[in-house]
Peer 1: 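There's a structure below that I have some questions on.
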Amino acid sequence: ITGLLLYWVFARTGARLMAGIALPVIVAGVVGSVYGIAKLQMAVAPIAVLFFAIPFPEHVIGMVAMPMQLVSAAATGVVAPLVGLPVVREGINLNLNGFNFIVAQECSGMHSLVALLLTGFVLIELSDLDLFRRVIAIIAIVPLVLVANVLRLVVVLLLAEYLGPGFALGVVVHGFSDIIVYFAAVLTFILMIGWLYETQWEDEATPPSADTMILSEHSAAIPDGDDRLQHPERSGGDLEMVASPCCSPRAEGMSDAASN
């Protein structure tokens, strides 16, 4: 009912893009009503993936892409001179030997960010990480995309310096670089998940306590043939007599005193 109400409100107000938010809510309501709360909890992750099917409004994309453009341009302006490129940055413009390269919205890494968010969500759900490490992995997605995008821009500038701007900005090179950025970020993200899982496994593997180690050493020191020491219940009340021979004369004296 809540999902249908959301769809009706957004549809009536003309926000048809936002009306897509009602789809995951409706699916969650159907699953919970038909199969129960327990099954709904199991289906939370697959239902959450449906949010990525909702198209983002253009103004939202612009609000997120502009800071990414500025950060990518600023970082490229710092890294490019380190590899010998005389780049001069002005805002989101990168000037290389008279050729002006604009870090447009398409070059901000926004598309790679959305794609990596979906891929990262699936990879994190398939992993066995705890909540704390899952949050760390999600937060690390944005820096990974920015670093990969800066490397992409530096490669484009290198190609423009040695092979010409026409080749660097061509459809084959410039368009194919998006795929390179995405797969490089995904590979790095998989390696990071593996490292987080390794640290989690090390934290869960607790060393044995000192009492357990002492007990193990004591058990190892007992001869295998002395069955009464290893299993006192089989020797009855003679355990003290067998384990402490020095007490035998005392026991005999006490027996003589009792008879007298």
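Here the structure is a predicted model, which means the values were calculated and not measured. Worth knowing before you read on, the calculation uses all heavy atoms, side chains too, and leaves out hydrogens, waters and symmetry mates.
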Peer 1: Which residue pairs pass the side-chain hydrogen bond (donor to acceptor under 3.5 Å, both in side chains) test with at least one member in residues 19-38, sequence neighbours excluded?
Peer 2: none

Peer 1: Shared ILVMFWY cluster between Trp201 and Trp195, side chains joined below 4.5 angstrom?
Peer 2: no

Peer 1: Applying the 4.5 Å side-chain criterion to the ILVMFWY set and letting contacts propagate, would Val154 and Leu94 be lumped into a single cluster?
Peer 2: yes

Peer 1: Extract all donor-acceptor atom pairs below 3.5 Å that involve side chains of residues 128-141 and protein atoms in other chains or at least two apart in sequence.
Peer 2:
residue : atom : partner : partner atom : Å
Asp130  : OD1  : Arg133  : N            : 3.0
Asp130  : OD2  : Arg133  : NH1          : 2.8
Arg133  : NE   : Leu196  : O            : 3.4
Arg133  : NE   : Thr199  : OG1          : 3.2
Arg133  : NH2  : Asp203  : OD2          : 2.5
Arg134  : NE   : Leu129  : O            : 2.9
Arg134  : NH2  : Ser127  : O            : 3.4

Peer 1: I'd like to know if Val114 and Ile124 are part of one continuous hydrophobic network [Ile/Leu/Val/Met/Phe/Trp/Tyr, side-chain heavy atoms within less than 4.5 Å].
Peer 2: yes

Peer 1: Indicate if Leu123 and Leu191 have the same hydrophobic cluster label, given that clusters are the connected sets of ILVMFWY residues with side-chain heavy-atom separations under 4.5 angstrom.
Peer 2: no

Peer 1: Please name all residues satisfying side chain to side chain donor-acceptor pair (under 3.5 Å) with Asn97, sequence neighbours left out, ordered by chain then number.
Peer 2: Glu161

Peer 1: Output a table of donor-acceptor pairs, distance under 3.5 Å, between side-chain atoms of residues 63-88 and any protein atom two or more places apart or on a different chain; print 'none' if there are none.
Peer 2:
residue : atom : partner : partner atom : Å
Gln69   : NE2  : Val103  : O            : 2.7
Ser72   : OG   : Met68   : O            : 2.8
Ser72   : OG   : Asn149  : ND2          : 3.0
Thr76   : OG1  : Ser72   : O            : 2.6

Peer 1: Kindly compute the distance separating CG (Asn100) from CG (Asn95), expressed to the nearest 0.5 Å.
Peer 2: 5.5 Å

Peer 1: Sequence neighbours left out, what passes side-chain contact (heavy atoms from CB on, under 4.5 Å) with Val142? Give chain and number order.
Peer 2: Leu113, Leu146

Peer 1: Residues two or more places apart in sequence or in another chain: which of them pass side-chain contact (heavy atoms from CB on, under 4.5 Å) with Phe99?
Peer 2: Phe101, Pro165

Peer 1: Who pairs with Thr188 by side chain to side chain donor-acceptor pair (under 3.5 Å), at least two apart in sequence or on another chain?
Peer 2: none

Peer 1: Under 4.5 Å between side-chain heavy atoms, counting indirect links through other Ile/Leu/Val/Met/Phe/Trp/Tyr residues: same cluster for Val30 and Leu50 or not?
Peer 2: yes

Peer 1: What residues, two or more places apart in sequence or in another chain, satisfy side-chain contact (heavy atoms from CB on, under 4.5 Å) together with Ala28?
Peer 2: Leu40, Ile47

Peer 1: Applying side chain to side chain donor-acceptor pair (under 3.5 Å), name anything that partners Gln41, two or more places apart in sequence or on another chain.
Peer 2: none

Peer 1: Can you list, by chain and residue number, the hydrophobic cluster partners of Leu187 when the side-chain cut-off is 4.5 Å?
Peer 2: none

Peer 1: With sequence neighbours excluded, give me every salt bridge (Lys or Arg N to Asp or Glu O under 4.0 Å) pair touching residues 82-93.
Peer 2: none

Peer 1: Could you state the interatomic distance from CG (Leu153) to CG (Leu158), rounded to the nearest 0.5 Å?
Peer 2: 11.0 Å

Peer 1: When rounded to the nearest 0.5 angstrom, what is the spacing between CG in Leu144 and CG in Leu116?
Peer 2: 6.5 Å

Peer 1: With rounding to the nearest 0.5 angstrom, report the OG1 to CZ distance, Thr119 to Phe189.
Peer 2: 9.0 Å

Peer 1: Linking directly or through intermediates, with side-chain heavy atoms under 4.5 Å: list the remaining ILVMFWY members grouped with Met42, chain and number order.
Peer 2: none

Peer 1: Testing the basics here: between Phe121 and Ala48, what is the closest heavy-atom pair and its distance to 0.1 Å?
Peer 2: CZ-CB, 3.8 Å

